[in-house]
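Below you'll find the structure, written out as C-alpha cells, and then a few comments.
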There are 2 protein chains.
Amino acid sequence: MSDTTAPARGAATLHDVARAAGVSLATASRVLNGSTRKVAESYRERVEAAAEQLGYTANLSAQATARGTSAIVALLVADIADPYFGQLASGVARGADEAGLVVTIAITERDPQREVKLVRALRGQRPRGLILAASRVEGPDAVGLQGELDAFSNMGGRVVVVGPGGGSARSVAVDNRGGSAALGAELADLGYRDAIVVAASEGIRTSDDRLAGFTEGFTAAGGVIREVRRAGFTRDAGYAAASDLLTGDVPAGTLIFGISDVVAIGIMSAVRDAGRQVGADIAVAGFDDIATGRDIRPGLTTVRVPLEDLGYQALHAATDPEWTPGEPQLPLEVIVRGSTPPRG
Amino acid sequence: MSDTTAPARGAATLHDVARAAGVSLATASRVLNGSTRKVAESYRERVEAAAEQLGYTANLSAQATARGTSAIVALLVADIADPYFGQLASGVARGADEAGLVVTIAITERDPQREVKLVRALRGQRPRGLILAASRVEGPDAVGLQGELDAFSNMGGRVVVVGPGGGSARSVAVDNRGGSAALGAELADLGYRDAIVVAASEGIRTSDDRLAGFTEGFTAAGGVIREVRRAGFTRDAGYAAASDLLTGDVPAGTLIFGISDVVAIGIMSAVRDAGRQVGADIAVAGFDDIATGRDIRPGLTTVRVPLEDLGYQALHAATDPEWTPGEPQLPLEVIVRGSTPPRG
DNA sequence: CCACGTGGTTCGCGCTCAAGC
DNA sequence: GGCTTGAGCGCGAACCACGTG
C-alpha cells in the first residue's frame, strides 16, 4: 500500500507514472512521448490514465538533454512593443504552435553589442532555430555576431535572418527595392514631383534598398529626391527628423517618405505639430502597412507587407529541414490612402 | 597529442572544457557556473581560457535538470501584435533580462481552451514563473485553468496574474475602477452628459471594473449612461459595436467610452466611416494610453497606465521570493486629448 | 591528531534509446 | 512481438582524498 496517488511536492515524473501504471519507464515513455514502437492497448490505457490522474507533463529540459535536441525556437527582435515586430512575432508564434515548438524571445534594443550577448545566452538553450528579426548581419558591427552565429550553426542550430541575409544563414526576405520602386512610381503618377526621404543610416540594407527602390521608381516617373535625411527606425527618430526638416523651407506639395510606417507616423505627428497639414500640404508615405496606418487620419499610404506571414515563413525556414530560399516570395502591394491625395 | 582544440560537431560540453584545461569536471563547473567554493587563480584562468576558446556555453537544459530549476519565465498573452500586450511584454522582457532569465511566450488568441492547453505545455518547461496577462481566472471558463495553475504551483512555480487576481496566484493589478471613475468625473466636468459604453462580456473583471468605475464617476458628476454595449477587447470588436450603434440615433455630443484604447480606436474609425466626426460630434475615450493614441487625430482621451512598468512588476512578482502584493500601486493618470473637446 | 582548504570522484536529475529477454 | 533492463545525455552537488598548519 504505497502512496501511489500522492499529488506530490514537485512535479510528477515519468517514473511516478510508470509506477502508478505498473509498467516500466520505457513503456511509459513510449506511450506518452512519441516513439515508432507500439505498445499494447491495455498498457497504453493504463499509462494514459495514470498520467492524466497525476497531471503528468514531460519535463522538457530532461527530454532535451536526453534527446540532444530541444523544442525551442529563439526569436530576437529590436523592440517587441513596436508593431512591426509584434506582427512578425505573431506569425512566428503561430507557426511554432503548429509545430509543437516553444518560442523564447529576446530584445536587442537595437544595440549590436547586446545582440551578441543575447545570441550567446540563447545558445545555452540549444534552440533548434534562431530567428534574427532586427540585425545587420553585415558591416563592422556584425563582426562579433558572425562568430556567435557560426558557433550556433556548428552546434546544429539553424539561423534565419529576416531581411537581407548574409553568409550561411537562411533568410526570409521582402522585396524592399521592388516594393518601394512601385510606391515611388505610383506617387509620381499621382502628381508628386518633390520628395524627401527619411531613412536610417547608410549601410543598413533594409533602409538602403527601400531608398534605392523609391529613388528609382520616383525619378523614373519624373520626380526628384530633394533630400535624404538619416534617422532611424523608430517613431521618435521620424518625428525628430521631420521636425528639424520643417524648421527649414518645405514647400506645400512636398512628399516625405518614411523608411517604415513607424517612422512615417512620427513624421505625420511632427508635420502637424509644426502647424502644417498632412495630405494636400505635406504628403507622407511609409512602408510595411502596420495596423495603425489604417486607423489614423488621414490614412497612411504605404506598401503592404504581410508581416505575419513573414514571421510564419521565418519559423519554417528555421525548422523545416528541406526549405528552399525565397520559396513563396511574399506579395507586396502599394496602398494609397489619404496621406497622399492626388495632386492636380 | 589529442585533438583538444577541435571546434567539434555539436556544442562544446563542460567535459570538453575540463579536458582542454586539464582539470576535472567539478573544477570547470565551479569556475564557469557559480559555486560557493573557491578555485585557485591558476586553474581558474586555464578554465576560462579553454571555455573562451571553445566557445563554450552551458547547456541550460542540462543545468535545469541537474539543478531541478530552470531560468525560464513563461508569459501568456492574448495577442502579441496588440500594442497593449506588446508594451507589457516589453517590461517583462526587460526585467527578465536584468535577472538573467529567459522568457518564453505563448499566445492564447483569447481562447480559454487554448489557454489551458498552453499552460499545460509550458508547464513542461518547468518555468520558475508563469505570467498570465490575459485570462479570466474566475468564472466558468476558468475551471480547467485553475487545475493547471494549481498543478503548476504544486510544482514549485509561481503564478502571476496581471489584473484582478484570483485564488492563490499573486497578482499585479491596476486600479481600473478608480482610474475610470476619475475619467468619468473629468469628462462630466468637461460638459458631457450622455455616454455609451462599449465593454466586454459581463464577468470579465477588467471590463466590469472599468464599467463600474466609469459609471460611478460619470453619474456622480451628473452624467447618464445611456447604454452599455457588449463587444470584446479588440479593435474590430469596437468597430463593429460602434458601427451598429450608429445605425441608430446617436445625438451629437454623445460620448462613447471604449473599455480599452484598442477598442476606442476601432470606435473612432467606425464613427468616421459612419460619416460622423470624432470630437465635437461624437466624443470617444479609452483606457490604457497605448502609444498609438498619441499619434492619431484627434488624440485619444484616456487613462494612462504604465504598461511597461506593469510588465516589469509582473516579472518581479514571478521571481522575487519576498514580494508583497500591491507593492507600488501603479499611478494612473487621466489624459484628455482632442477626442473629447470641452463641451459648452 | 585534527581542522581546514582545495581538487577529484561519483551519483543522480528525468528522460531516451539500443540492446536484451 | 512486446516489454524490460541498462547505459548515457550534460550537468550539479554531495562526498571523498589529499595536502597543509
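Below, read A as the first sequence line, B as the second, and so on, with proteins coming before strands; counting in each chain starts at 1.
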Do A/Thr108 and A/Arg114 pass the side chain to side chain donor-acceptor pair (under 3.5 Å) test, and can you show the C-alpha distance, the side-chain angles, and the key distance before you say yes or no? CA-CA 6 Å; A/Thr108 67; A/Arg114 217 178 119 68; over 6 Å; no
Considering all heavy atoms, the nearest [X]-[Y] contact:
X        : Y        : answer
B/Leu315 : B/Gly95  : CD2-C, 3.2 Å
A/Ala71  : A/Gly100 : CB-O, 4.3 Å
A/Leu122 : A/Ala106 : CD1-CB, 4.2 Å
B/Ala78  : B/Ile107 : O-CG2, 3.2 Å

Would you say a side-chain N or O of [X] is under 4.0 Å from OP1 or OP2 of [N]?
X       : N      : result
A/Ser29 : C/dT16 : yes
B/Thr27 : C/dG7  : no
A/Thr65 : D/dG10 : no
B/Asn33 : D/dG12 : yes
B/Tyr56 : D/dG10 : no

Give one of base, sugar-phosphate or nothing for B/Ala40, where a contact means two heavy atoms less than 4.0 Å apart.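 Sugar-phosphate, backbone atoms only, no base.
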Classify the nucleic acid contact of A/Thr13 as base, sugar-phosphate or nothing, counting any heavy atom under 4.0 Å across all strands shown.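 The answer is sugar-phosphate, as A/Thr13 gets under 4.0 Å only of primed atoms, P, OP1 or OP2.
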May I ask you to decide whether A/Arg19 forms a salt bridge with A/Asp16, counting only side-chain N to carboxylate O separations under 4.0 Å?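 Counted as a salt bridge, because a side-chain N and a carboxylate O are separated by less than 4.0 Å.
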Salt bridge present between A/Asp82 and A/Arg110 (N-O < 4.0 angstrom):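 A/Arg110 and A/Asp82: salt-bridged.
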Point-to-point distance, once rounded to the nearest 0.5 Å, from CD of B/Gln313 to CZ of B/Arg170: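 One finds 12.5 Å between CD of B/Gln313 and CZ of B/Arg170.
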Which nucleotide sits closest to the side chain of [X]: [options]?
X       : options               : value
A/Ser24 : C/dC17, C/dG14, D/dT4 : D/dT4
A/Arg30 : C/dA18, C/dT6, C/dG8  : C/dA18
A/Ala62 : C/dG7, C/dC15, D/dT4  : C/dC15

Using atom [atom1] of [X] as one end and atom [atom2] of [N] as the other, report the distance to the nearest whole Å.
X        : N      : atom1 : atom2 : value
B/Leu14  : C/dG8  : CG    : C1'   : 14 Å
B/Arg126 : D/dC11 : CZ    : P     : 20 Å
A/His15  : C/dT16 : NE2   : P     : 15 Å
A/Arg44  : D/dG2  : CZ    : P     : 12 Å
B/Arg19  : D/dC11 : CZ    : C1'   : 16 Å
A/Gln63  : D/dG10 : CD    : C1'   : 16 Å
B/Tyr43  : C/dT6  : OH    : C1'   : 9 Å
B/Leu25  : C/dT9  : CG    : P     : 10 Å

For the helix from C/dC2-D/dG21 to C/dC21-D/dG2, what is the angle between the axes at its two ends, each from 5 pairs, rounded to 10°?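 End-to-end axis angle for the helix from C/dC2-D/dG21 to C/dC21-D/dG2: 50°, rounded to 10°.
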Contact nearer the 5' end of DNA chain C, comparing B/Ala28 with A/Ala26: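 Of the two residues, B/Ala28 wins.
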Find which nucleotide of DNA chain D each of B/Ala58 and B/Arg37 is nearest to by heavy atoms, and output the residue with the more 5' nucleotide.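 Here B/Ala58 is the residue nearer the 5' end.
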